2 protein chains.
Amino acid sequence: MRPKRLNPKSDCAVELTLSVIGGVWKPLILFNLLMGKKRFMELTRLIPSATQRMLTLQLRELEEDGLVTRHVFPVVPPRVEYEVTDLARTLAPVMLSLRDWGERYRLEQQKLPPLEPHCQA
Amino acid sequence: MRPKRLNPKSDCAVELTLSVIGGVWKPLILFNLLMGKKRFMELTRLIPSATQRMLTLQLRELEEDGLVTRHVFPVVPPRVEYEVTDLARTLAPVMLSLRDWGERYRLEQQKLPPLEPHCQA
DNA sequence: GGCGATACTTACAAAAATGGTAGTATGAGC
DNA sequence: GCTCATACTACCATTTTTGTAAGTATCGCC
């Protein structure tokens, strides 16, 4: 079942967006998938802090929300590829704006040096 | 104590931003405060879905993160005013980008008409 | 023919977030 | 002198989220 953390039916568009990309894992997953399609095991290696369980749960939700597609190859051992949709690609500017503000915040509040311009798992 | 949902020390600037504005209440609080300073009771009336407890907790965190200031007037009954900081004002473009994507998503996925351009509690 | 690899699922448990209720201090108004 | 209003805090219960561990099916490889 869907998490209740953010109400996806909220009248507030900001909340709606956060209900889709909010949380710890979804931004990381989306970032990695925006770099190119990935298999499940690749994602677990790229985002080692996420358990398999969390990855599957989050991927299911991203799929439900129309942000990633899941290609199953009927082979053994199983092979599944995840890819971002066109809709998810429109998230790029949102991610950039979130990232830019985060960088600025880091500088202003924590007096820390900037990091690489991309997200790391 | 701070929620553990998003790690504010993440290397990822996107996560850092979400650790600051993520969640159900913070965007709503920030939106309302961006419209002008508010007293505590005003906020409870503007955001009726939030309990007093949640409001205080979230306001404390926003204060810790340097996004709102708290002015206490030593009178009885107590009077406390909350106001956004300059830093929080730099969040406006982020909020806009989140809002715009949310609107687009609503249209594309849910085939619903757009709402007013501002967030509603 | 036992082992590892993949992409999961399920069951149980711990942790985190939220809700609900009650209490506090005090001045102002009736 | 009783009540109301404000801006909280404290406490406990419930819900939600996350983690841990184990299990599944099948093929290829040694």
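FYI, side chains are in, hydrogens and waters are out, and symmetry mates aren't considered; it's all heavy atoms of this structure. Throughout, a chain's letter reflects where its sequence line sits, starting with A, and its residues are numbered from 1. Computed from a predicted model, the values in this text were never measured in an experiment.
Between the P atom of D:dA7 and the CD atom of B:Gln58 lies a distance of 18 Å, rounded to the nearest Å. Rounded to an integer number of Å, the gap from B:Trp25 CH2 to D:dT16 C1' is 14 Å. Between the CZ atom of B:Phe73 and the C1' atom of C:dT26 there is a distance of 18 Å, given to the nearest Å. Rounded to a whole Å, the CD atom of B:Glu61 is 16 Å from the C1' atom of D:dC8. Put simply, CE on A:Met54 is 13 Å from C1' on C:dT9, counting in whole angstrom units. Per the geometry, CD1 belonging to B:Ile47 stands 14 Å off P belonging to C:dT18, to the nearest Å.
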Generate the contact string for nucleotides 2-8 of chain C. Rules: B means base contact, S means sugar-phosphate contact only, - means no protein heavy atom under 4.0 Å. ---BBSB
Could you run down the sub-3.5 Å N/O contacts of the protein with nucleotides 11-14 of chain C?
{"from": "C:dA11", "atom 1": "N6", "to": "A:Arg53", "atom 2": "NE", "distance (Å)": "3.3"}

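Residues passing the side-chain contact (heavy atoms from CB on, under 4.5 Å) test with B:Arg79, sequence neighbours excluded: B:Arg39, B:Phe73, B:Val75, B:Glu81. Residues satisfying the salt bridge (charged side-chain N to carboxylate O under 4.0 Å, His left out) test with A:Arg89, not counting sequence neighbours, are A:Asp86. For A:Leu57, the side-chain contact (heavy atoms from CB on, under 4.5 Å) partners two or more places apart in sequence, or in a different chain, are A:Arg53, A:Met54. Considering only residues two or more places apart in sequence or on other chains, A:Val76 meets the side-chain contact (heavy atoms from CB on, under 4.5 Å) condition with none of them. For B:Thr85, the side-chain contact (heavy atoms from CB on, under 4.5 Å) partners two or more places apart in sequence, or in a different chain, are B:Thr69, B:Leu87, B:Ala88. For B:Arg104, the salt bridge (charged side-chain N to carboxylate O under 4.0 Å, His left out) partners are B:Glu108, not counting sequence neighbours. The side chain to side chain donor-acceptor pair (under 3.5 Å) search around A:Glu63 returns none, not counting sequence neighbours.
At distances below 3.5 Å, not a single donor-acceptor pair connects side-chain atoms of B:Tyr82 with backbone N or O atoms of B:Ile29.
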